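Report on the structure given below.
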Amino acid sequence: MIVLRFAASPSRDLHLGDLRIALINALVARQRGEGFLLRITDRDPKALAEDPEQTIQPILEKCVRHDQIFHQSESLHRYRQLAVSLVERDKAFVCTCSPETPDNETYACNGACQNHTPKERARIYEEKRPYAIRVIRPDAPVVFDDVLAGTITTHPDTIGDHLLLRTDGVPSEAFAGAVDDMLGGISTVIRDEAERLRTAQEIHIRSQLGYTEAITYAHLPPLSGELPAIKTLFEEGFLPDAIVNYLLTLGQTPPAKIFTFPEAVAWFDLQHLSAAPIVYDPEALLELNREHLRRMDDKALSGLYRFADADIGRLIKLYLDEAPTLRELDEHIPQIFAPKPCDGEHGDTMRTLASLIASAPPFDDFEAFTAYLIDQTGLYGDSLSIPLRRILTGRTDGPALSDLYPFIRSYITEVARCQP
RNA sequence: GACCCUUUCAUCUAGUGGCCAAGGAUGCUACGUUUUCAUCGUAGUCACAGAGGUUCAAAUCCUCUAAGGGUCGCCA
């Protein structure tokens with residue numbers, strides 16, 4: 001089973017870098033016919049301001065589907081049990097150093113605790129003194145193979161006497177992760193490069209626990225730049241498919257510019273992902289979003305604006321050049337069908353046009369339509385086209401009216417209305 | 001401070017010692033096709049971070065320098 005873990009901290013919204021890792025996990029799991037597990041790291045109830053399921057899942061689900069979900073809060077007793085067993089086998093020790101540390105200093109256990117005799121230990125338990133549990137650092141460097149970066153060696157001192165259980169009984173991320181991967185029979189872990197040290201710690205912990213199954217690790221390079229939260233991207237009108245498309249093009253050369261998740265399953269290759277850091281390029285995302293919108297079914301697209309008319313979809317697509325996201329389209333599309341403010345310089349003309357159009361016969365094409373208006377009003381050039389554009393679109397800019405007309409023709413009396 | 005990772009066009013990348021005076025895709029610029037836009041076609045634009053080695057031969061291996069990122073908590 002491939003594993004994916006998310007920090008449950010609601011202090012930071014899920015961003016593009018997180019989603020990329022989630023996607024790649026899901027993709028590789030799919031390729032291998034394995035499951036994709038979403039692990040909620042809710043070990044510390046005090047640290048949770050919001051229910052992670054409410055904040056993470058709705059966002060994730062639009063882009064990736066998981067097969068299973070696991071909450072660390074459900075197996076807190078197991079972490080403790082295993083930590084204690086390590087102490088009994090002299091792989092770990094009970095640490096009574098004070099958790100309070102002066103503001104600027106890095107806290108470190110002075111090592112004295114490591115030499116507790118079993119008798120001293122019993123007394124600590126008996127007196128109910130607060131204690132934490134730490135693993136004894138490895139006596140040799142921890143070595144593992146990373147799919148992208150090759151062999152990684154971590155020195156014992158870097159790993160340190162890693163803390164397993166806090167005084168309050170909450171397990172550390174590495175400890176909980178090590179245990180979960182072991183008990184869950186996890187085959188592959190794909191995560192951020194920043195967690196590389198954690199990997200070494202987990203390997204050490206697991207070997208102390210006597211677990212020998214090898215786990216494949218891939219540490220992905222970070223995405224740098226101003227990473228927007230996924231939530232924000234949705235609000236700005238990016239399609240989940242476009243975001244998925246963008247994220248999966250990074251680190252390799254896809255066979256096509258535009259593709260979907262299921263298509264990527266066929267060619268994506270974890271082994272050949274680039275290990276170089278990647279700069280988030282908003283332009284590229286925008287371009288892909290435009291392209292995904294363009295390829296959307298006309299009728300489905302119109303549905304976003306409560307129509308079920310392929311013509312409206314085609315109308316919307318005329319605006320894609322200037323408005324590549326749904327939010328930007330919102331500045332153009334709804335007002336076409338809303339009553340227009342008939343004020344200012346062209347107000348009178350707009351009112352005239354509105355009533356003229358309301359009583360006019362239907363016209364097949366734009367030329368016949370304008371010919372009729374010219375004939376009826378005696379206006380021509382800008383003095384006609386500007387108010388006409390305003391009464392039809394509510395704006396003074398946009399695609400050519402002749403392009404727009406065929407699609408709004410059947411809605412013309414609804415379109416050409418003045419606000420009361 | 002210590003340790004780790006990374007560094008090819010504007011962007012994403014191909015490239016694991018000769019096929020690389022570096023290829024593709026996207027972008028951009030022209031031109032063409034097209035009823036406009038889009039599509040499509042053609043052409044152009046643009047890169048091996050720097051310096052030293054090793055070698056008959058280096059984008060590719062080694063060393064140093066620089067830049068970017070990361071990790072060193074009873075932080076999530």
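Not measured: the values here are computed from a predicted model. All heavy atoms count here, side chains included; hydrogens, waters and symmetry mates do not. All chains are named by letter (A, B, ...) in the order of the sequence lines, taking the proteins before the strands, and each is independently numbered beginning at 1.
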Between CG of A:D269 and P of B:rA14 the distance, given in whole Å, is 11 Å

Would you measure the distance from the P atom in B:rA30 across to the matching atom in B:rC37 and give it in whole Å? 13 Å

Let's go through A:K257 and A:E287 carefully: what are the C-alpha distance in whole Å and the side-chain angles of both, what is the deciding distance for salt bridge (charged side-chain N to carboxylate O under 4.0 Å, His left out) to 0.1 Å, and is it a yes or a no? CA-CA 10 Å; A:K257 179 185 165 194; A:E287 173 63 25; 3.2 Å; yes

Would you check if there is a donor-acceptor pair between the side chains of A:T154 and A:R196 at a distance under 3.5 Å? no

Rounded to whole Å, NE2 of A:H162 lies from P of B:rG73 at a distance of 9 Å

Considering every strand shown, what is the Watson-Crick or G-U wobble mate of B:rA22 when both distances are under 3.5 Å? none

What nucleotide, of B:rG69, B:rU6, B:rU11, holds the atom closest to the side chain of A:D281? B:rU11

Would you mind reading off the distance between A:I159 atom CD1 and B:rC4 atom P, rounded to a whole angstrom? 13 Å

Given B:rU71, B:rC5, B:rC75, which nucleotide is nearest the side-chain atoms of A:R196? B:rC5

Pairwise C1' distance, B:rC46 and B:rC28 [rounded to whole Å]: 10 Å

For B:rU8 versus B:rG32, give the span between their P atoms, rounded off to a whole number of Å. 37 Å

Counting side-chain heavy atoms from C-beta on, which of B:rU36, B:rA38, B:rG70 comes nearest to A:R294? B:rA38

Categorize A:V279 for me: base, sugar-phosphate, or nothing, with a 4.0 angstrom heavy-atom threshold over every strand shown. sugar-phosphate

The Watson-Crick or G-U wobble partner of B:rG17, with both key distances under 3.5 Å, is none

Nearest-neighbour nucleotide for the A:A194 side chain, B:rU36, B:rG70, B:rC72 considered: B:rG70

Spacing of the C1' atoms in B:rA10 and B:rG53 (rounded, Å): 33 Å

Return the pairing partner of B:rG1 with a 3.5 Å limit on both distances, Watson-Crick or G-U wobble; otherwise return none. B:rC72

Which nucleotide, in any strand shown, forms a Watson-Crick or G-U wobble pair with B:rU63, with both distances under 3.5 Å? B:rA51

Looking across every strand, which nucleic acid part, if any, lies under 4.0 Å from A:I278 by heavy atom: base, sugar-phosphate, or nothing? sugar-phosphate

How about A:H219 and A:F144: are their ring centres within less than 6.0 Å of each other? yes

Closer to the 5' end of RNA chain B via nearest nucleotide, is it A:A284 or A:T153? A:T153

Can you check the distance between B:rG70 and B:rG17, where both ends of the measurement are the P atom (answer in whole Å)? 32 Å

CD/A:Q31 to CG/A:D269 distance, rounded to the nearest 0.5 angstrom? 7.5 Å

Test of ring centre spacing under 6.0 Å for A:F261 and A:F268: no

Roughly, in whole Å, what's the span from CG in A:N289 to C1' in B:rU26? 16 Å

Residue matched to B:rU39 through Watson-Crick or wobble contacts both under 3.5 angstrom: none

So, A:F363 versus A:Y405, ring centres under 6.0 angstrom or not? no

Round to a whole Å and report the spacing from CG of A:L223 to P of B:rU6. 17 Å

With heavy atoms under 4.0 Å as the rule, sort A:P222 into base, sugar-phosphate or nothing. sugar-phosphate

Which of the following nucleotides, B:rC12, B:rU6, B:rC75, is nearest to the side chain of A:R166? B:rC75

With C1' as the reference atom in both, quote the distance from B:rA51 to B:rA67 in angstrom, rounded to an integer. 15 Å

Scan A:G251 against the nucleic acid and name what it touches under 4.0 Å (heavy atoms): base, sugar-phosphate only, or nothing. sugar-phosphate

Less than 3.5 Å apart, any donor N or O on the side chain of A:D309 or A:S302 sitting next to an acceptor on the other? no

OP1 or OP2 of B:rC74 sitting under 4.0 Å from any side-chain N/O of A:R134? yes

From B:rC74, B:rU7, B:rU71, pick the nucleotide closest to the side chain of A:A276? B:rU7

Go nucleotide by nucleotide along RNA chain B from the 5' end; which of A:D403 and A:D157 gets its closest nucleotide reached first? A:D403

Classify A:L318 by what it touches in the nucleic acid, base, sugar-phosphate, or nothing, heavy-atom distance under 4.0 Å. nothing

Take atom CZ of A:R295 and atom P of B:rA38, then tell me their distance rounded to the nearest Å. 15 Å

Pairwise C1' distance, B:rA49 and B:rG68 [rounded to whole Å]: 11 Å

Starting at atom CD of A:E291, determine the distance to atom C1' of B:rC37, rounded to an integer number of angstrom. 13 Å

Donor + acceptor pair across side chains of A:T325, A:N289 (<3.5 Å): no

Determine the interatomic distance between P on B:rU39 and the same-named atom on B:rA25; round to the nearest Å. 15 Å

What is the distance, rounded to the nearest whole Å, between atom CD of A:E195 and atom C1' of B:rC75? 13 Å

Could you check whether the side chain of A:T158 and the base of B:rC72 have a donor-acceptor pair of N or O atoms closer than 3.5 Å, going by distance alone? no

Of the listed nucleotides (B:rC74, B:rG69, B:rU7), which one gets closest to any side-chain atom of A:E193? B:rG69

In Watson-Crick or G-U wobble terms, both distances under 3.5 Å, what is the partner of B:rU33? none

Which part of the nucleic acid, if any, lies within reach of A:E283 when heavy atoms closer than 4.0 Å are counted: base, sugar-phosphate only, or nothing? nothing

Consider the side chain of A:I152, meaning its heavy atoms from C-beta on, and name the nucleotide among B:rC74, B:rC5, B:rU36 that approaches it most closely. B:rC5

Under the side-chain contact (heavy atoms from CB on, under 4.5 Å) test against A:Q208, which residue among A:L82, A:L86, A:I136 passes? A:L86

Would you indicate which nucleotide in B:rU6, B:rU26, B:rG70 comes nearest to any side-chain atom of A:K257? B:rU26

